[in-house]
There are 4 protein chains.
Amino acid sequence: MNQQVLSTQAKQSTLLERYKAARMQTEELCEPLQPEDFVVQPVVDVSPPKWHLAHTTWFFESFILKNNLPGYKLFDDDYPYLFNSYYETEGDRWVRADRGLLSRPWVNEIMAYRKYIDEHMNQFLANHQLDDKLLDVLEIGINHEQQHQELMVYDIKHILGINPLSPVYRSFATAPYQPNLGVNFLEVEEGVYDVGHAGEGFHFDNEVGAHKVFLHAYRIQDRLITAGEYMEFIAAGGYTDFRFWLMEGFEWVKKEGIKAPFYWYKEGEKWKHYTLGGVEEINENEPVTHISFYEADAFAKWKGMRLPTEFEWEVACKKFAPNVPGEANLLDLKHLRPMPRKGENLQFYGDVWEWTNSAYSPYPYYQAADGALGEYNGKFMVNQIVLRGGSFATMREHIRLTYRNFFHPHLRWLFTGLRLAENI
Amino acid sequence: MNQQVLSTQAKQSTLLERYKAARMQTEELCEPLQPEDFVVQPVVDVSPPKWHLAHTTWFFESFILKNNLPGYKLFDDDYPYLFNSYYETEGDRWVRADRGLLSRPWVNEIMAYRKYIDEHMNQFLANHQLDDKLLDVLEIGINHEQQHQELMVYDIKHILGINPLSPVYRSFATAPYQPNLGVNFLEVEEGVYDVGHAGEGFHFDNEVGAHKVFLHAYRIQDRLITAGEYMEFIAAGGYTDFRFWLMEGFEWVKKEGIKAPFYWYKEGEKWKHYTLGGVEEINENEPVTHISFYEADAFAKWKGMRLPTEFEWEVACKKFAPNVPGEANLLDLKHLRPMPRKGENLQFYGDVWEWTNSAYSPYPYYQAADGALGEYNGKFMVNQIVLRGGSFATMREHIRLTYRNFFHPHLRWLFTGLRLAENI
Amino acid sequence: MNQQVLSTQAKQSTLLERYKAARMQTEELCEPLQPEDFVVQPVVDVSPPKWHLAHTTWFFESFILKNNLPGYKLFDDDYPYLFNSYYETEGDRWVRADRGLLSRPWVNEIMAYRKYIDEHMNQFLANHQLDDKLLDVLEIGINHEQQHQELMVYDIKHILGINPLSPVYRSFATAPYQPNLGVNFLEVEEGVYDVGHAGEGFHFDNEVGAHKVFLHAYRIQDRLITAGEYMEFIAAGGYTDFRFWLMEGFEWVKKEGIKAPFYWYKEGEKWKHYTLGGVEEINENEPVTHISFYEADAFAKWKGMRLPTEFEWEVACKKFAPNVPGEANLLDLKHLRPMPRKGENLQFYGDVWEWTNSAYSPYPYYQAADGALGEYNGKFMVNQIVLRGGSFATMREHIRLTYRNFFHPHLRWLFTGLRLAENI
Amino acid sequence: MNQQVLSTQAKQSTLLERYKAARMQTEELCEPLQPEDFVVQPVVDVSPPKWHLAHTTWFFESFILKNNLPGYKLFDDDYPYLFNSYYETEGDRWVRADRGLLSRPWVNEIMAYRKYIDEHMNQFLANHQLDDKLLDVLEIGINHEQQHQELMVYDIKHILGINPLSPVYRSFATAPYQPNLGVNFLEVEEGVYDVGHAGEGFHFDNEVGAHKVFLHAYRIQDRLITAGEYMEFIAAGGYTDFRFWLMEGFEWVKKEGIKAPFYWYKEGEKWKHYTLGGVEEINENEPVTHISFYEADAFAKWKGMRLPTEFEWEVACKKFAPNVPGEANLLDLKHLRPMPRKGENLQFYGDVWEWTNSAYSPYPYYQAADGALGEYNGKFMVNQIVLRGGSFATMREHIRLTYRNFFHPHLRWLFTGLRLAENI
């Protein structure tokens, strides 16, 4: 048995372990929920938790088992129609906006589906050596499940947070804060820099292609903007002063009656917000979150600065904070919130996704994959904004220098935030 | 103890029994459901079953216990906001269209709410003699619960019926059909007739006021139009021939792509439909159901006739079939569908609600009740159409000669149908 | 030449004169306008004046000339598509809501179209004896043109009235007011009454069929409700007190932010409104106008009374004011507004259309005409409310006891008003 | 008088001449229209021509005369409200989507407004020496008027083109075509390049800031994609094959029923389109136009290539075709359409605006101007795509290497097109 084979075997073995861990993680997230919580879809961007449970399962069924495990029989012939998200290659599907209209399959039926797929995956991986291409699909499937874990946290918070009863998802010990809120500007001089993903390691196709960009000299903050700083923006009339706003942002603010981040409200003189632990007074030291790109951009203009581009973020981060700290991880469920900057640490990863000043466009060497997985990232490259850094709800595997997250500029149910930059 | 007091005591005792029966009946309807089924709201007209469970309970809490049971404490201070339907008198409320966005309270919490109210109602009625006015409210509350039972049957069918899995609500023995489909026309001569509710017996305020109407001579069918007859209308191109349609009906047909009754679809040459027992081939002998007023009216015009007015229906019914047969009752769950006319019986009650040619307007002596219950019927008297007769899902108490049901003309998720009339 | 022939000749000759007068009247209404005013459509219910000019012309072309004048050639092959309103029988047509998107044909082209049709009509009527059926169509065509004259007055007022420049349509001498605002109640005893159109005389098919109705005893006001009385309703908080409103009305009020009749606004303590003569302070003695059915109904409930049904209106009117006074006529352009009740005259005709408590439904002997003209009235018999009496903008021919006008309950750009009734 | 003063005088004198020319040009564009054509607004993106006439006039009144000409009196106090487009600094304004609802002011009133402003501008410039800042505003005002000239051509085409009568705007001699449809790829090697506007010369703030970008090696076509090439895309099923489309583009195609460029339709086997000269068969040699970014992007993917970024376009253009040819100019009204590539000429300017692969984002040294003019460009920098090159309807002053036009990706009533690029 040659080295290559050994390596492939080892890879498969590792992936199987990671598969099991990811699958279990998904289910742990659902532990505080009862069946009713798995069903609702308050807005089109949110999916019912049971849909996530089934869709991530369908991914393995459709892209691995269906065409590779000899004799495999679909768990249910209707499920591909119900649980395909947006893969045109995979055929027709239930309308996204109507996911909350389906009471069936029940959660216990979906759990049976998960079990069925897990057993077949176990069996398949135990008895067959997968080729590299299929191992890559497996790796993507695990990462895909992890992305949905993060989405589930957003969605569960939305489902519970709009409920007048303000239910608690999970009580958690709030960490003792020892915040260091001093802010420094990191300086980067002009030059040609390498960006994008190079080397081994898992990554999505949208970050592929190490390439060069020219950056003019700039400085960038070493921590995130805090809730307290954001309150000053509100107090200064930021939401009603058109000078700070993109026109579409200002129209959005007026039409939706936006006056603060999502989940924030004022009770007397106090700002409060709904958190996964219930309603609390807002801690001014925490990074502000649940703001749209429009709000982030307006805040920056109010400060007389701007958001960094995605490349300014990446280059500064690579220079000053190239290593992701270990604790950036959803598995650590003790906080379930963004944390203040810790001591002297630069704060770049794992608190909130940072809106950048970059539209989500293809890299020079971007090449969509063939087949259904080519639909994973590329077809979204218009009208969206790149976010960098990862949130407290992001799985460890998704926190890296080159990772490009992307959302429409008005969205804010995810854990978003910002830092500022300016030219030198 | 005088006669009057005895009679009031007896009345209260009877009402308590009926209260218990009604409450139990509601819960029996939910027996085939799991928690997920209680949550969804596929269209604004449908309410999630758990909302019905709570709203009917809130009715007793708000209109009886809250102000009359000394020391009564609300089960939950947020519930009135969540479960008030449309009573402006009772204050703000959650938006109707968003009832399906609420995963909480869970079903078991709502069942606890029901238990709490039932216990307090029992205690209140056991220990206090209610005055006539409050007994009337109790009577209304029971009838209200029964109306919601019928709505729950509509809503459960809708929730399950739009699901691609076509789940079965309850399997039931389809009765052996001995249909008599011959149709006769009953004749009524011109004259002044008494209509509306007179005498004792429970009734809603919208049917109050025995009064006179003049009817010109007419004839009216002695049974309902069947699915088979309706198929002929479809086959004759009825849905695409504008000559039979009210303009708003024809626009509705085109915009919504309507080609058959709700739940009907064609498989090859066969018409099938979703029923509470699952998908079946359509029995041509059954009354057609799930049609809008627009469709009923178009069918009548296609036949060269018209729908009867609500008074023509009532007068013919009073003359020819004054007594409601015993079996018209949802409690009989063996069919859960409209049945063909039985032998020589006139078919006037308890199969499907019949669209009439009458807009829902106040009677000459209509007087809305004071307070919140004045909002029960009167404020809906515009843009709606009167239906008469009762469906197989209608509680026995709601099947009477003078009962006026009303819905908007485009609705058809309820059990609707028609019969024809014409001038002599 | 026998009597019948003579009579038909005379009838044709009279109709030709009336045709000419009606055609000229339409154009006189447009005299204050410049081409830009003929184009716009501020809401779907309003049509651009040039559309009215062309549509009424198309009516004669399509229903008289096209199939009856030998050798007749359409003025323009595209015009039937552009100027058919809602006659399915006549084929496809430009979408109603988009009438304001058409700059062509220019007004002068449409005037050429009118001239072309007028010349051919003249020629046709001069040289051919029309049969009775065609003479009936001609009569309808004239009445149709007159209906559109009234609509043009509504529409011109809307087009100019929403313009921030508040332009004057036509300055007019406001009549010296000698109002008699005393109000009496006319009493009608219970009984069977004849209603509907009988005898010769022109009438629409929806008022056909003299028939009987039973009315319970009632009293009805002898004049219209005034602007001053309506101001009291506003001052008493009528628009925000749900108890007076139909639910759909209250939702409409809240959604649209309705606080007063259309065209009314408050400047300091004064109520002002836009009139065809420009902005004025509101004369409290004039009948209130530009209110929806919802507002009329709420006002009546606030007063503890109700609107009369269409039959109560007709029977009272026949009993007390059977003759339409001569001056009820748009041709008299000196006012262009509803006038206060004159001296002791009963005020029943020609000021504002009165909302009744009757939905627009078919009469017992209603029979739609064959062919396209059967679409004139019948297909609108749902979700609309009957109005009676005629407005100051109504042509003399349209003011009669049995005339049934009908509009949706939320509309108020037409000249609407109300009187009150109650049971005895 | 020193050199500087002389130069400023000369500049003012030149600007006055250009002012007059621009003002006259606007009115010449309207020469084929009659008043009705000035009023309509078929979609929100289109403005009625009379609005353009007034808005460009308001620009000079608001930004020059109002605050600088002593004693200046507004032509009409209501006009700023009516003709401000989107300048929050300038106060409230009529809703954009409702511009087509205004029949007043009439066109002749707006022409009087133009005359009034022109006279005051003449007088002001004849009698006062403007400072540099005000001369800059004047320069912007002239460029602003020219931008609206181009918009007017788009808008007039839309207004006439959706009219079922397909009216001719202006008949023009179609040039004899001597097309050279051979296509070559121009190659650019990797490196750091200078982009953005440097030096004197007029330019907008969004192109300010010469700065550097790194480009990887690429090749780019030397002419535009033709209608004939685009027909092949259609024939190959391009519009129904999801693989070529951005998801939002594919949803747009399905929802809007898009099957070809705007104004195209098929008659038998022939493709025809509406042009400013009326309906014609499509000349396959002409550049394709009236396509959205989505369609341009899908075409490129179908060809296995991509759109160039705005910097790839600019660098290639600067290298190979730095000089704008004289004839790129709307003033030349002989074509009113994009032309095929002429002989061996590189085709980069003045045929159609080219969709690039670049979202519209700020340049590194972007700085919005102070005051109202800061709203000119900056507040649109989200969700839009950069177009380069200029169309046949673009004024000469707006055709330059560094000019950045921008529109939302679904728009196609403007004159858009594309060329392809790929990595080397």
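Just so you know, these numbers use all the heavy atoms, side chains as well, and skip hydrogens, waters and symmetry mates. Sequence lines set the chain letters: A, B, ... in the order given, protein chains first and strands last, and positions in each chain run from 1.
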Considering only heavy atoms, which portion of A:Asn423 lies under 4.5 Å from any heavy atom of chain D: side chain, backbone, both, or neither?
-> side chain
Under 4.5 Å from a heavy atom of chain D, the part of A:Val213 involved = backbone
Non-hydrogen atoms of A:Phe214 and D:Val192 that approach each other most closely | CD1-CG1, 3.8 Å
Quick one: what part of A:Phe250 sits under 4.5 Å from any heavy atom of chain D, side chain, backbone, both or neither?
-> side chain
Does A:His216 use its side chain to pair, donor to acceptor, with the backbone of D:Pro364 at less than 3.5 Å?
-> no
D:Asn357 side chain vs A:Ser361 backbone, donor-acceptor pair below 3.5 Å | no
Shortest non-hydrogen separation from D:Val382 to A:Tyr294 and the atoms involved = CG1-CE2, 4.0 Å
Of the non-hydrogen atoms in D:Trp245 and A:Lys379, which two are nearest, and what is the gap between them?
-> O-CB, 3.8 Å
Quick one: what part of A:Glu312 sits under 4.5 Å from any heavy atom of chain D, side chain, backbone, both or neither?
-> neither
Is it true that atom NZ of A:Lys259 has more than 12 heavy atoms of other residues, nucleotides or ligands lying nearer than 6.0 Å?
-> no
Counting heavy atoms not belonging to D:Arg243, are there more than 12 under 6.0 Å from its CZ?
-> no
Can you tell me if D:His211 and A:Glu190 form a side-chain donor-acceptor pair at under 3.5 Å?
-> no
Atom group of A:Tyr360 that falls short of 4.5 Å from chain D, counting heavy atoms | neither
Between A:Tyr193 and chain D, which part of the residue has a heavy atom less than 4.5 Å away: side chain, backbone, both or neither?
-> neither
Going through the distances and angles, do A:Met247 and D:Tyr86 end up as a side-chain contact (heavy atoms from CB on, under 4.5 Å)?
-> CA-CA 9 Å; A:Met247 189 167 77; D:Tyr86 53 68; 4.0 Å; yes
If you count the non-hydrogen atoms of other residues, nucleotides and ligands that lie under 6.0 Å from CD in D:Glu187, is the total more than 12?
-> yes
Using the side-chain contact (heavy atoms from CB on, under 4.5 Å) rule, take D:Glu248 and A:His408 through it: C-alpha gap first, then chi angles, then the decisive distance, then the call.
-> CA-CA 12 Å; D:Glu248 294 184 15; A:His408 285 98; 2.4 Å; yes
Side chain / backbone / both / neither for A:Thr309 at chain D, heavy atoms under 4.5 Å | neither
